[in-house]
2 protein chains.
Amino acid sequence: MQKTAVEKSNDPIAAQLAPVGRETVQDRVYLELRRALIGGLFEPSQVLTIRGLADALMTSTMPVREALGRLITEKALEALPNRSVRVPPITLERMDDLLRARILIEGEAIALAATRMSPRQVSVIESMLGEWDEMRALKHKKDVDREVTLNQRFHFEIYRACGSAVLIPMIESLWLQSGPCIRVAIYAFSDAGEVDTAHFHRSIVAALSVQDPTAAREALIADISRPFNFLRNKLQSEAASKGKS
Amino acid sequence: MQKTAVEKSNDPIAAQLAPVGRETVQDRVYLELRRALIGGLFEPSQVLTIRGLADALMTSTMPVREALGRLITEKALEALPNRSVRVPPITLERMDDLLRARILIEGEAIALAATRMSPRQVSVIESMLGEWDEMRALKHKKDVDREVTLNQRFHFEIYRACGSAVLIPMIESLWLQSGPCIRVAIYAFSDAGEVDTAHFHRSIVAALSVQDPTAAREALIADISRPFNFLRNKLQSEAASKGKS
DNA sequence: TTTTTTGATTTGTGATCACACTTGTATTGA
DNA sequence: TCAATACAAGTGTGATCACAAATCAAAAAA
């Protein structure tokens, strides 16, 4: 029998060992930059240099340039004609464009998921609601990173249940693109006095637990529209005050 | 005044000169591979090697590996655990998944375009209809490449009018992913006796010329569903006959 | 003071090399 | 004859270097 390295052995001892994933440096760089972008660690219009990132990530330039290339193709970063690369600036048109696409695709994904989620899966995301509560109750100091991460886990746990290997990468790309916007919005939120963010998530869970695709879609649209609408108002008022001065 | 290379000169003589784009080798490789994938020049499950492609494209391995990385992130190619890369195989589930996503996103794009296209723009794509006719009238020998190219130009001329910088790259990614399927379907078409492919395009143009988003969306759905449905039947009958033998 | 020019530094791109892993083919053993 | 081993060719990954283009700063000219 031909034995290749990719297939798992049937040895009863080896069966207890988890396969040691051979992640490349390039993958680690890519995932790290992804995390930073979705979390909004880079600000819009900031330019990124290959050697600078390589130094910060303690690797050579090679894995970084390939990771940057990948991020550029999914529009998470932008290639300037000078061949330098920056995180895309925020404009009103782009925000509306992103929100429309997210409503379209994430709405479809959650509608699909609503009809396919088992009660077991629903209970998993329901438990996240509790996590959210205790986080907000425990400490009032803003822990934006954890909030962003939890929000991301909540949404993608749902999207994964839609069972589409095509839609999910697209949603990831959309989150990557709207990451910088969201970060700005969240900071603006906590400045403007926190409204109940958990309310939307509760209605999403409620719709999913009764397998109602339409209600789930509408609750989701309300949820993801809120930071965009907030940010749009903020940008418009800033533009108005700047126009006067 | 600071003068950089990226900004266009105001010199009245230089104004007549088109900027000479500084396309990198990597870009050329990427575009060439894209073209090959959408055109279906690679067959499903075919593995691609960096050095092999570098030899074929007459460059070093460097631009090729970066282009491959980009194509992998947009799911146009697939990275195997062995770290070799292949064009994804066709499965029934994946086909249905792709078709659903295309109906969702391209349908939205054409509905947006229907309300925004000027009569001038409509006449441009209407003229493509004629191109199609003369191509089919002139020679009966199948010129699949030209047919695929014209079909692509026709669709993207419409999508561009939707004015969404977010949706269009997603549609390109979807075409990239469904490219290998389409090629197989087109060959199957011409074997099975050609039904009127132009009919669908005529109804699309008709809907656009009266700015009817719903009709345009439905005509488009019929158009892009046809090869998928055809291919699905073909695969199912093949699977059935293979199950018997 | 303002503008232009010159030079030094930084940056992205492509090529080449070394290394580790995989794969395919002989060779050896039973 | 067949299975296992050993060897050889092939492949992806990461590092380093050379080069051209871009950027920035200081110096020179207006």
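Bear in mind that the values here come from a model prediction, so they are computed numbers and not experimental data. A, B, ... follow the sequence lines: proteins, then strands. Residue 1 opens every chain.
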- Query: Under the salt bridge (Lys or Arg N to Asp or Glu O under 4.0 Å) test, which residues partner E43(B), sequence neighbours left out?
  - Reply: none
- Task: Could you tell me which residues satisfy salt bridge (Lys or Arg N to Asp or Glu O under 4.0 Å) with D96(A), sequence neighbours excluded, listed by chain and number?
- Result: R232(A)
- Query: Counting N and O atoms only, with roles assigned by atom type, does the side chain of S118(B) sit under 3.5 Å from a partner on the main chain of Q121(B), one being a donor and the other an acceptor?
  - Reply: yes
- Note on the structure: Those residues at least two apart in sequence (or on a different chain) that pass ring pair (Phe, Tyr, Trp, His ring centres under 6.0 Å) with F154(B) are H201(B)
- Item | Pairs flagged by side-chain hydrogen bond (donor to acceptor under 3.5 Å, both in side chains) wherever residues 51-66 of chain B is involved - sequence neighbours left out | R65(A)-E66(B), E66(A)-R65(B), Q26(B)-E66(B)
- Which ones in residues 25-34 of chain A lie close to DNA chain D, meaning a heavy atom under 4.0 Å from one of its atoms? V25(A), Q26(A)
- Let me know the distance between CG of L68(B) and P of dG12(D), rounded to the nearest Å. 8 Å
- Message: Return whichever of E66(A) or S84(A) has its heavy-atom-nearest nucleotide of DNA chain D closer to the 5' end.
- Response: E66(A)
- Message: What I want to check is whether an N or O donor and acceptor connect the side chain of R65(A) with the base of dG14(D) at under 3.5 Å.
- Response: no
- Neighbours of DNA chain D within residues 47-61 of chain B, by heavy-atom distance under 4.0 Å: L48(B), T49(B), I50(B), R51(B)
- Query: Any idea which of dG14(D), dG12(D), dA15(C) is nearest the P63(B) side chain?
  - Reply: dA15(C)
- Task: Under the salt bridge (Lys or Arg N to Asp or Glu O under 4.0 Å) rule, collect the residues that match up with D97(B), sequence neighbours excluded.
- Result: R100(B)
- Among the candidates dA15(D), dG12(D), dG12(C), find the nucleotide nearest to the side-chain atoms of R83(A). dG12(C)
- Mind calculating the distance between CE (M62(A)) and C1' (dC17(C)) to the nearest angstrom? 11 Å
- Task: Using only side-chain N and O atoms of N82(B), determine if any of them is under 4.0 Å from OP1 or OP2 of dT23(C).
- Result: yes
- Note on the structure: OH (Y30(B)) and CG (L68(B)) are apart, to the nearest 0.5 Å, by 11.5 Å
- Task: Name all pairs fulfilling the salt bridge (charged side-chain N to carboxylate O under 4.0 Å, His left out) condition that reach into residues 153-178 of chain A, sequence neighbours left out, sorted by first residue then second.
- Result: R34(A)-E172(A), E131(A)-R153(A), E157(A)-R160(A)
- R83(B): salt bridge (Lys or Arg N to Asp or Glu O under 4.0 Å) partners, not counting sequence neighbours: none
- Interatomic distance, L80(A) CG vs dG12(C) P [rounded to whole Å]: 11 Å
